[in-house]
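Structure first, then comments.
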Amino acid sequence: MNEILHILPRGLAIGILISAPMGPIGMLIIQRTLSKGRWPAFFTGIGAALSDLAYCLLTGFGISFITDFIERNQQLLQIISGIVLVAFGLFLFRKNPTRALQPNSQTPGNNYFTDIVSGFFLTVSNPLILFFIIGLFARFNFILPDNFSTMHYVLAYMTIFAGALLWWYIVTMLVNRLRSRFNVRSLWLINRIIGSLLIIMAIVGTTMAFINNSPQ
C-alpha cells in the first residue's frame with residue numbers, strides 16, 4: 001500500500017507536467033478542438049501521451065544510454081524536429097477550415113487512428129523532452145526501487161499516462177466550451193497564426209542548434 005501511495009500522486013503529477021507546456025502539440029490540439037471537435041483533438045492527445053509514455057520508459061530503464069545518445073546527436077535531432085514542425089505548420093497555414101464548427105465530423109480518410117498517429121509523431125519528433133522528463137523524475141524521486149514488483153512498474157507508468165490523458169481531457173473540454181464564440185473566418189485566422197508559430201519555432205530551434213554547436 002505504501003508503494004502505491006508513493007507511485008500514484010507522483011505519476012499523475014509527472015504526466016500532467018509533461019503535457020502542460022503549451023508547445024506545438026498543445027497548439028495543434030487547440031486548433032483541432034476548434035476545427036474538428038473535441039474528440040479528434042482528444043485522440044491527438046492520446047497519441048501525444050503515448051509518445052510521452054515511451055520517453056518515460058526510455059528514461060526509467062536507460063537514462064545514461066539515452067542522454068549520451070541525445071548529447072552526441074543533438075544537432076541532428078533538432079534539425080529533424082524542425083522539419084516535422086515546418087511540415088505541420090505549413091499544413092495548418094494552408095488548411096481551409098470549411099467544415100469547422102461541426103464538432104463530430106470526420107472527413108473521408110481522416111479518423112481517430114490518424115489523429116493518434118499525428119499526435120504521436122509530432123511529440124516523438126522532439127526527443128530533447130527526455131531532459132525535461134529526467135528532471136521531473138529526479139524532482140519527484142520517481143526512480144523506482146529495485147524491490148518493486150512488475151505490477152508496481154506497470155502501475156507507475158500507467159499513472160503517468162493517465163496524468164497526461166487527464167490534462168488533454170481537461171484542455172479539450174475547456175476549449176470545446178468556447179468554440180461557439182468562433183466562426184469559420186476566425187478559425188482560418190487561428191490556423192494561420194498557429195501554423196506560423198510552428199514554423200517560427202522550428203526555424204528558431206534549428207538556428208539555435210547550429211549556433212550552439214558551431215566552433216567557438
Side-chain angles (χ1 to χ4, degrees), residues 17-52 55 74-103 105-107 109-112 114-129 131-132 164 167-168 170-214:
L17 290 172
I18 292 173
S19 304
M22 192 49 63
I25 188 63
M27 290 188 285
L28 177 64
I29 287 175
I30 289 175
Q31 186 272 341
R32 283 191 174 171
T33 305
L34 294 173
S35 64
K36 296 175 63 177
R38 178 183 179 186
W39 294 115
F42 178 69
F43 276 84
T44 304
I46 292 177
L50 288 171
S51 173
D52 291 336
Y55 278 135
Q74 185 168 349
Q75 185 177 31
L76 175 61
L77 293 172
Q78 286 181 322
I79 292 172
I80 294 173
S81 174
I83 293 172
V84 173
L85 287 185
V86 168
F88 271 94
L90 289 173
F91 172 77
L92 289 180
F93 189 88
R94 300 179 60 184
K95 185 178 180 181
N96 184 357
T98 54
R99 299 194 65 180
L101 308 181
Q102 297 179 18
S105 65
Q106 287 286 302
T107 56
N110 187 16
N111 50 45
Y112 292 148
T114 58
D115 293 325
I116 292 174
V117 170
S118 62
F120 179 86
F121 279 106
L122 180 58
T123 307
V124 83
S125 68
N126 181 26
L128 299 179
I129 194 176
F131 289 113
F132 181 47
W167 172 259
W168 295 125
I170 292 172
V171 168
T172 54
M173 177 183 66
L174 294 176
V175 175
N176 190 58
R177 290 187 176 182
L178 298 174
R179 62 177 293 106
S180 60
R181 301 184 183 183
F182 296 87
N183 54 34
V184 175
R185 183 181 297 274
S186 61
L187 288 176
W188 178 281
L189 180 61
I190 288 173
N191 280 1
R192 293 203 162 192
I193 291 174
I194 293 179
S196 299
L197 288 174
L198 293 179
I199 295 171
I200 292 171
M201 291 171 65
I203 294 173
V204 171
T206 304
T207 302
M208 293 302 297
F210 279 109
I211 292 175
N212 292 335
N213 289 277
S214 61

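Quick caveat, the model's predicted, so the values are computed rather than measured.
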Is any side-chain heavy atom of [Y] closer than 4.5 Å to one of [X]?
X    : Y    : value
V175 : T172 : no
T44  : I25  : yes
V117 : F120 : no

Derivation of the side chain to side chain contact (heavy atoms under 4.5 Å, CB included) call for I129 and D52: CA-CA 9 Å; I129 194 176; D52 291 336; 3.8 Å; yes
Working to the nearest 0.5 angstrom, can you tell me the gap between [X] [atom1] and [Y] [atom2]?
X    : Y    : atom1 : atom2 : result
W39  : T33  : CH2   : OG1   : 10.5 Å
S196 : L90  : OG    : CG    : 9.5 Å
I18  : T123 : CD1   : OG1   : 11.0 Å

Give me the atom names and distance for the closest heavy-atom approach of Y112 to P40. CE2-N, 3.8 Å
Specify the closest pair of heavy atoms between R32 and S118, including all atoms of both residues, with the distance to one decimal.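 It is NH1-OG, 2.7 Å.
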Give the C-alpha distance, both sets of side-chain angles, the deciding distance and a yes or no for side chain to side chain contact (heavy atoms under 4.5 Å, CB included) between Y55 and V124. CA-CA 8 Å; Y55 278 135; V124 83; 3.5 Å; yes
